[in-house]
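Along the sequence shown, residues are numbered consecutively beginning with 1. As the structure lists them, so they are numbered: ligands from 1, and atoms in each ligand from 1.
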Amino acid sequence: MFTNCEHRKNQFMKKINFYAGPAILPQEVLKEAGQSAISFGDMGLSILEISHRSKEFIAVMDEAEALVRELLNVSNDYAVLFLAGGASSQFFFTAMNLLGQNESAGYLDTGSWSSKAIKEAKAFGHVDVVASSKDKNYSYIPKGYQISDQHNYLHITSNNTIFGTEIFHLPETSIPIIADMSSNIFSRPIDVNRFSCIYAGAQKNMGPAGVTLVIIRKDVLGKVDRVIPSMLKYETHIDNQSSYNTPPVFPIYVSLLTMRWIKKLGGLKAMEKRNIEKAELLYNEIDRNSLFVGTANKEDRSRMNVCFLLKDSTMEKAFSEDAENAGCVGIEGHRSVGGFRASIYNAMELDGVQILVDVMKKFESKNT
Ligand SMILES: *Cc1c(COP(=O)(O)O)cnc(C)c1O
């Protein structure tokens with residue numbers, strides 16, 4: 001048990017949040033969100049107790065859409081939606097809306113989330129797994145595989161949250177690409193025009209859990225002839241500006257605050273610079289430190305989720321304790337990889353990564 005004094009110290013010590021998701025948000029975003037939960041602007045009401053059809057909330061939706069378009073440079077060929085159901089619902093949503101029963105789609109299998117997308121798509125059409133890195137526990141991104149141009153689309157997971165790999169070069173193909181960008185959306189500039197659909201659950205790099213961003217090319221819709229319930233049809237949500245039913249108002253609002261913060265810091269180029277710096281700091285230490293080893297293939301290392309092991313796994317408990325004592329939270333690895341995973345999304349500061357690196361350095365000098 002803590003002594004009284006230790007307990008107080010622990011309670012007030014600044015925590016460095018390495019959770020994979022729901023994950024770190026900028027402090028100023030949390031402060032403003034908290035304030036708005038009590039009293040929103042000059043309305044004299046909480047953001048949580050106003051109509052989604054009030055002019056004040058419509059202004060939130062409009063600004064959120066405008067910021068997505070501005071930050072990612074999204075043209076009017078695309079609709080921007082804020083939906084409920086998580087990225088996991090987009091696994092079936094995409095196939096249900098874009099893959100006819102006698103048609104085929106290519107899927108790149110780079111981890112658990114890709115596999116789940118594949119499983120859902122199989123209910124709606126033919127799925128061709130174009131390549132998989134399952135043979136080496138998803139520690140790399142497959143390259144040099146063939147993709148049939150007969151497919152309706154190619155589905156990829158741009159960042160593999162669990163395995164710590166990221167796709168830095170899009171596959172060479174002329175067919176439209178659908179990407180699950182849940183864990184690296186807004187982390188660097190991307191060319192949206194290469195995609196027919198981009199989706200992302202907010203709770204990794206964009207906001208709190210509860211809303212999913214969908215960016216979809218309007219001209220790919222309306223081509224399958226199955227019956228689709230209204231709520232599961234992209235057109236329904238496009239025609240109603242994501243307010244066919246009550247949208248997840250608070251997660252959308254907090255996502256808006258996060259996008260304002262990204263813009264204020266200089267947009268996605270600035271995020272990319274920050275994220276490269278943080279990732280290099282941590283990976284350099286993993287490579288330098290004699291006790292640790294990274295799990296992902298070097299050229300495919302994620303800038304968002306850094307997975308690493310202690311060469312001697314019996315030391316894990318001791319290292320976890322040191323990290324915890326330094327205020328580092330959420331570094332235990334996913335059970336399918338083991339070891340450690342430090343998620344260093346946009347809102348993580350370089351100082352936070354430095355604290356973890358210092359723990360690793362001290363741990364090495366103590367133990368060698
Ligand atoms: C977290 C995550 C998901 C699942 O998101 P939910 O919003 O929980 O459904 C899907 N894909 C990736 C890449 C993720 O990181």
Below 30° counts as parallel, above 60° as perpendicular, anything between as tilted: where do the rings of F91 and Y199 land?
perpendicular
Quick check on contacts: which atoms of ligand 1 are under 4.0 angstrom from a heavy atom of [X]?
{"X": "Q203", "result": "5 (O), 6 (P), 7 (O), 8 (O)"}
{"X": "G86", "result": "7 (O), 9 (O)"}
{"X": "N159", "result": "13 (C)"}
{"X": "S182", "result": "10 (C), 11 (N), 12 (C), 13 (C), 14 (C), 15 (O)"}

Does the separation of the ring centres of H52 and F57 fall below 6.0 angstrom?
no
Does F340 have its ring centroid less than 6.0 Å away from the ring centroid of F18?
no
[atom]: which protein heavy atom is closest, and how many Å away?
{"atom": "atom 1 (C) of ligand 1", "answer": "K204 NZ, 1.5 Å"}
{"atom": "atom 9 (O) of ligand 1", "answer": "S88 OG, 2.6 Å"}
{"atom": "atom 5 (O) of ligand 1", "answer": "A87 CB, 3.5 Å"}
{"atom": "atom 11 (N) of ligand 1", "answer": "D180 OD2, 2.6 Å"}

Using a 4.0 Å heavy-atom threshold (strictly under), name the region of T157 that reaches ligand 1: side chain, backbone, both or neither.
side chain
Between the side chains of S242 and H237, does any donor sit under 3.5 Å from an acceptor?
no
Say whether V192 and M259 are linked into one hydrophobic cluster, either directly or through other cluster members, by side-chain heavy-atom distances under 4.5 angstrom.
yes
Check this for me, if you would: do D287 and R301 make a salt bridge, where the nitrogen-to-carboxylate-oxygen distance has to be below 4.0 angstrom?
yes
Using a strict threshold of under 4.0 Å (side-chain N to carboxylate O), is an ion pair present between E364 and K361?
no
Report yes if S89 has an N/O atom closer than 3.5 Å to an N/O atom of ligand 1; otherwise report no.
no
